[in-house]
Structures are given as C-alpha cells and as structure tokens.
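Predicted model, so just to flag it, every value in this text is computed and none were measured. Just so it is clear, the values below take in all heavy atoms, side chains as well, and ignore hydrogens, waters and symmetry mates.
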Amino acid sequence: MSVAATDTTVLDDVPAPATAGRARFRFLRGGKTRTGLLILAFFALIAVIGPWIAPYDPDAMSDQLLQPPSADHWFGTTHTGQDVLSQILVGTRGVLLVGFIAGFLATVLSVLIGVTAGFLGGAADEILSMFSNVFLVIPGLPLIIIIASFVEDTTDLLIASVIALTSWAWGSRVLRAQTLSLRRRDYVEAARATGESTWRIIIFEVMPNLTAVIASGFVGTVIFAILSEITLAFIGVADISHWNWGTVLFWAQSNQALAQGAWWWFVPAGLCIALLGTALSLINFGIDEFVNPRLRTAAGSSKNVMMRVGFTPVARTTAPVVPPAPAPQAAPGQSGDARETSKEHSA
C-alpha cells in the first residue's frame with residue numbers, strides 16, 4: 001500500500017517546549033499586564049505610606065486660599081487653604097480598601113454559589129440559580145443610599161459589604177456556565193471513578209480550570225466597587241469626613257471650583273481615577289489574552305516557527321536515516337505479469 005507524500009519543511013533548531021515554570025509566568029509577559037501591574041503597585045504603595053508622606057494635614061486650613069500649584073503646595077490649595085496633594089495621598093487608602101474588600105467578598109460568594117450550582121445540578125442548581133437571579137436585579141447604589149439614610153456612620157467596610165452583596169450574582173452566573181461545561185470532562189469522570197469526594201473534585205479538578213475566569217471577575221468587581229465608592233462620595237452619600245478621591249471631587253463641585261478656574265482642585269483626583277481604572281482594565285485585558293490564545297498579541301506568541309500554507313513543519317532528529325530498500329528487479333526473460341506481481345509485493 002502506498003502513502004501519498006506531502007510537502008514538508010524541516011526545522012533544524014526546534015526549541016524545547018516551555019517548562020511548567022515558564023508557562024506559569026506567561027501571564028506577565030504581555031505589555032498590558034506589566035503596565036497595569038506597575039500602575040496598580042504604585043497606587044498600592046501610596047495607599048500604604050500616603051498618610052506618612054503627606055506634607056500637610058489634609059484637614060488643616062491656612063491663609064493660602066485657592067493657590068495654584070507651587071513649590072509649597074504641589075497640587076495647589078482649596079478655598080480654605082487645605083493642601084490638595086495631602087488629600088489625594090490620604091484618600092488613596094480608602095479607595096483601594098473599598099475596592100479590594102468588595103472584590104474579595106463578591107468573588108468568594110460568586111465562587112461558592114456559582115461553582116456549587118454548576119457542579120451539583122438538580123434541585124441545588126435550581127435553588128442557587130434562583131437565589132442568584134434575585135440578587136442580579138437588586139440595584140447597588142440605591143440600596144446603599146437607603147442604608148446610609150438609616151445608618152449614622154457610613155464606614156468604608158459597610159459600603160464595601162453592600163457593594164459586594166449586590167455585585168456577586170453576575171460572576172456567579174458566569175462561573176455556573178463554565179462549571180457546567182467542565183463537570184463532564186474526562187478527567188473529572190476519572191476522579192469520580194476513583195472514589196474522590198465531591199468537594200475534593202471541585203477544589204482540585206474544577207477550580208484550577210476556572211482560575212482565569214475568577215481572576216477576571218475579581219478585577220471587574222474591583223473596578224465597579226471603586227467607581228461606586230467614588231460616586232457615593234461625590235454625591236455626598238458616604239461620610240465626607242473620611243478623605244478619598246470622591247470626597248475631593250465633592251468639595252470641589254460644592255464650592256464651584258470649575259467656575260472659579262481652580263482646575264488643580266479636581267484634575268488630580270480625576271487623573272488618579274482614570275489611571276487606576278486604566279491599570280485594572282489593562283490587567284483584565286491581560287487575563288483575557290492569557291485565557292483565550294486568539295487574543296494574544298504577537299509579542300506574547302512564539303516567533304520561532306513560521307507556519308506556511310501547504311507545508312508541514314517536521315523536527316529533524318539525530319537518528320540516522322535509513323534509505324528505502326530498492327525495488328526488486330525483474331530477471332531476464334521474466335514476463336510482464338510476473339513484473340507486476342513483483343511490484344505489488346514490493347509495495
């Protein structure tokens with residue numbers, strides 16, 4: 001029997017496959033991810049040391065009213081002489097604290113309910129799905145406004161908890177759908193056949209394959225929580241005695257900073273919000289590219305092998321190539337039928 005030959009391209013220097021350690025850090029190779037992590041690390045550092053490096057007390061007043069940026073006040077002063085830079089530095093901690101607490105709580109709830117509903121199925125799936133649908137339609141901001149009207153001290157922890165309780169349902173629905181597609185995979189069935197418990201299968205077989213989806217949901221929830229916290233402070237619902245970027249914007253808007261031309265009062269806070277949102281979005285894009293190979297940029301893809309249409313890359317091995325045995329020659333005087341039979345045997 002003959003085999004049809006195809007065009008092949010021999011690759012002399014085929015790189016060895018990436019090790020498991022390199023594969024783990026593939027997420028950090030993209031420029032978007034590195035940029036986002038650097039900006040986020042900068043704001044995290046400011047959140048930790050901001051109150052210590054603030055040049056002035058953010059509540060302290062002075063006689064330098066509405067002064068533009070100068071050597072004494074890098075970001076200028078407010079209408080009461082308060083230093084804007086100190087307010088930005090001190091307020092960074094509250095913004096990140098609310099964002100990451102809300103993101104963590106919402107992610108935990110979405111994982112517990114979504115993965116459990118998708119893996120167990122049946123009545124448990126119906127009950128948990130109904131529970132998720134109820135919270136999916138509850139608006140977060142109006143609920144926080146109602147709670148703030150009854151609570152005297154609206155702390156960051158309270159705001160983060162309410163945001164988490166109203167923002168976990170969407171991530172739960174996504175994780176449930178992903179778990180439904182994973183629970184009948186061969187490796188899950190093999191673990192079940194070996195007698196593994198349900199929770200061990202969920203934690204060690206299903207959850208590792210949902211890591212990227214969970215991380216993406218966490219980043220998205222952090223973005224939503226930060227914007228919600230700033231919005232609540234800007235409209236005066238949150239406690240305006242605690243400094244954050246939304247509080248700075250609230251006082252700037254209340255005292256007509258734009259009409260007075262005091263751009264330095266609100267522009268720094270707006271730029272910080274934009275930079276932090278950009279950093280988290282870049283990290284989210286990096287996670288999406290890591291999960292979906294079709295979204296990976298040329299920088300993160302392999303450039304060693306160039307695929308061409310019609311050619312199959314073949315790795316060259318060091319084993320000696322054995323030439324094919326020559327076809328038997330017909331003896332002198334052999335008939336044509338005998339020669340055809342000899343060709344068939346050789347084939």
Side-chain angles (χ1 to χ4, degrees), residues 27-28 32-54 87-114 135 140-141 143-144 147-148 153-172 174-175 207 210-234 237-239 242-249 269-288 290:
F27 169 71
L28 302 177
K32 297 178 183 178
T33 305
R34 289 197 298 266
T35 304
L37 289 176
L38 286 176
I39 299 176
L40 181 60
F42 169 76
F43 282 111
L45 180 63
I46 294 298
V48 174
I49 66 174
W52 301 337
I53 64 175
Q87 296 176 356
I88 296 293
L89 293 176
V90 174
T92 304
R93 178 178 297 179
V95 172
L96 292 184
L97 190 65
V98 171
F100 281 94
I101 290 178
F104 175 77
L105 294 177
T107 302
V108 170
L109 289 174
S110 63
V111 169
L112 288 177
I113 297 177
F135 277 87
L141 293 179
L143 181 60
I144 298 176
I147 294 176
D153 187 11
T154 308
T155 61
D156 293 338
L157 182 59
L158 177 62
I159 294 176
S161 300
V162 176
I163 293 175
L165 289 175
T166 56
S167 59
W168 62 267
W170 178 255
S172 175
V174 174
L175 290 174
M207 290 286 292
L210 298 174
T211 303
V213 180
I214 295 172
S216 180
F218 170 77
V219 173
T221 306
V222 170
I223 296 175
F224 173 75
I226 288 175
L227 295 180
S228 299
E229 161 70 2
I230 293 172
T231 301
L232 292 171
F234 178 71
V237 174
D239 189 359
H242 295 109
W243 287 105
N244 61 53
W245 300 339
T247 307
V248 176
L249 295 178
L271 288 178
C272 289
I273 296 170
L275 284 175
L276 182 57
T278 302
L280 295 171
S281 299
L282 289 175
I283 295 174
N284 200 8
F285 293 156
I287 295 174
D288 291 339
F290 179 74

Only pairs under 3.5 Å count here: list side-chain donor-acceptor contacts from residues 270-277, not counting sequence neighbours, and write none if there are none.
none

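- Separating the CG atom in Leu282 from the CZ atom in Phe285 is a distance of 7.0 Å, to the nearest 0.5 Å.
- Trp245 and Phe43 have perpendicular rings, their planes meeting at more than 60° on a 0 to 90° scale where under 30° would count as parallel.
- Counting heavy atoms of neighbouring residues, nucleotides and ligands inside a 6.0 Å radius, atom CZ of Phe135 exceeds 12 of them.
- Distance check: Ile287 CD1 to Thr33 OG1 gives 7.5 Å after rounding to the nearest 0.5 Å.
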Please output the side-chain donor-acceptor pairs of residues 215-229 that fall under 3.5 Å, not counting sequence neighbours, one pair per line with the distance.
unit_1	atom_1	unit_2	atom_2	d
Ser216	OG	Asn284	OD1	2.8
Thr221	OG1	Gly217	O	2.8
Ser228	OG	Phe224	O	2.8
Glu229	OE2	Asn244	ND2	3.0

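- To the nearest 0.5 angstrom, Leu40 atom CG is 4.5 Å from Ile283 atom CD1.
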Side-chain donor-acceptor pairs under 3.5 Å in residues 96-107, sequence neighbours left out?
unit_1	atom_1	unit_2	atom_2	d
Thr107	OG1	Gly103	O	2.6

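- No donor-acceptor distance shorter than 3.5 angstrom exists from the side chain of Thr92 to the backbone of Ala47, with no hydrogens or angles considered.
- Rounding to the nearest 0.5 angstrom, the gap separating the CE atom in Met207 from the CD1 atom in Ile214 is 4.0 Å.
- Considering CG of Leu45 and CD1 of Ile53, their distance stands at 7.0 Å, rounded to 0.5 Å.
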Would Leu38 and Phe42 count as a side-chain contact (heavy atoms from CB on, under 4.5 Å) if you check the C-alpha gap in whole Å, the side-chain angles of each, and the deciding distance to 0.1 Å? CA-CA 6 Å; Leu38 286 176; Phe42 169 76; over 6 Å; no

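- Taking every heavy atom of both residues into account, Ala269 and Val248 meet most closely at CB-CG1, 4.3 Å.
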